[in-house]
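Taking it in order: structure first as structure tokens, then the write-up.
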Amino acid sequence: MGSPHITIHQKAFRPYLSAAALDEAVTALAARLSADYAGREPLFVVVLTGAFMFASDLLKRMTEPCEIVFIRVASYEGTASSGVVQEILGLREDVQGRHLVVVEDIVDTGTTMHQLLPTLLAKGPASVEIATLFSKPASLRHDIALRYVALEIPNDFVVGYGLDYDGLGRNLPDVYVAV
Ligand code: IMP
């Protein structure tokens, strides 16, 4: 028996990805990252808030030594994906010469990552890659290399497993899609 439809802020969502399906995709991604970063002590840069649940599951499956920091990106207020990243909050570590892996919940238009990457690169890391739970290829508007994607999804609005709809839904263990 599947989980029922839910309503968030008067908007209907239907079950889309189960916790088990998410776990499978996240486990596979962690295996790739563990292999690729063996011996390099990567620094995972987790973008709050949406990536918190994904990052927790992903990073506890890393079999190689790694470091973890949490950042926020401060952007202009505006429509959901049009904010301009002004600064990175919380990155006190010296990232010079480090292998960085940015952990994101979802790359939609790619605007957030497009603006964050130059800011990170300016700090002199040895490398920067992106690990994202979801990407929406049909929605991508920037030429950014997404090497680590757990799941590609259509251009629909999803909620749960860290992702919110106007503040609600982040705690849901499954992912739902707007109907
Ligand atoms: P981008 O800058 O367009 O790539 O948007 C990235 C951000 O938009 C994500 O970090 C989310 O906060 C938000 N976002 C985009 N699509 C969704 C969605 O389907 N559900 C919840 N948040 C989303």
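Being a predicted model, the structure only gives us computed values, none of them experimental. All ligand and atom numbering here is 1-based and tracks the order in the structure.
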Exercise. Taking atom CZ of Arg32 as the centre, report whether more than 12 heavy atoms of other residues, nucleotides or ligands fall under 6.0 Å from it.
Key: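 Enclosed: over 12 neighbouring heavy atoms sit under 6.0 Å from CZ of Arg32.
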Quiz prompt | Atom CD of Glu64: over 12 foreign heavy atoms under 6.0 Å | solution = yes
Quiz item: Taking only residues two or more places apart in sequence, or in another chain, which ones meet Asp36 in a side-chain hydrogen bond (donor to acceptor under 3.5 Å, both in side chains)?
Solution: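 Asp36: side-chain hydrogen bond (donor to acceptor under 3.5 Å, both in side chains) contacts with Tyr148.
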Contact atoms of ligand 1, heavy-atom distance to [X] under 4.0 Å:
X: Asp164; value: 21 (C)
X: Thr112; value: 1 (P), 2 (O), 5 (O), 6 (C)
X: Gly110; value: 1 (P), 3 (O), 4 (O)
X: Leu163; value: 20 (N), 21 (C), 22 (N)
X: Thr111; value: 1 (P), 2 (O), 4 (O)
X: Asp156; value: 19 (O)

May I ask whether [X] places a heavy atom under 4.0 Å from ligand 1?
X: His114; answer: no
X: Val159; answer: no
X: Arg141; answer: no

Practice problem: Examine distances only and state if a side-chain atom of Lys123 and a backbone atom of Asp94 form a donor-acceptor pair shorter than 3.5 Å. | Solution: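 Between the backbone of Asp94 and the side chain of Lys123 there is no qualifying donor-acceptor contact (under 3.5 Å).
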Quiz item: Without hydrogens or angle criteria, can the side chains of Asp57 and Tyr161 be said to hold a donor-acceptor pair below 3.5 Å?
Solution: yes
Exercise. With heavy atoms only and a cut-off of under 4.0 Å, state how Met113 meets ligand 1: side chain, backbone, both or neither.
Key: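 It is neither; nothing of Met113 touches ligand 1.
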Quiz prompt | Atom pair CD1 (Ile106) and CD1 (Ile153), whose distance is rounded to the nearest 0.5 Å | solution = 4.0 Å
Practice problem: Could you tell me whether Glu67 and Arg98 have a side-chain N and a carboxylate O separated by less than 4.0 Å? | Solution: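 Yes.
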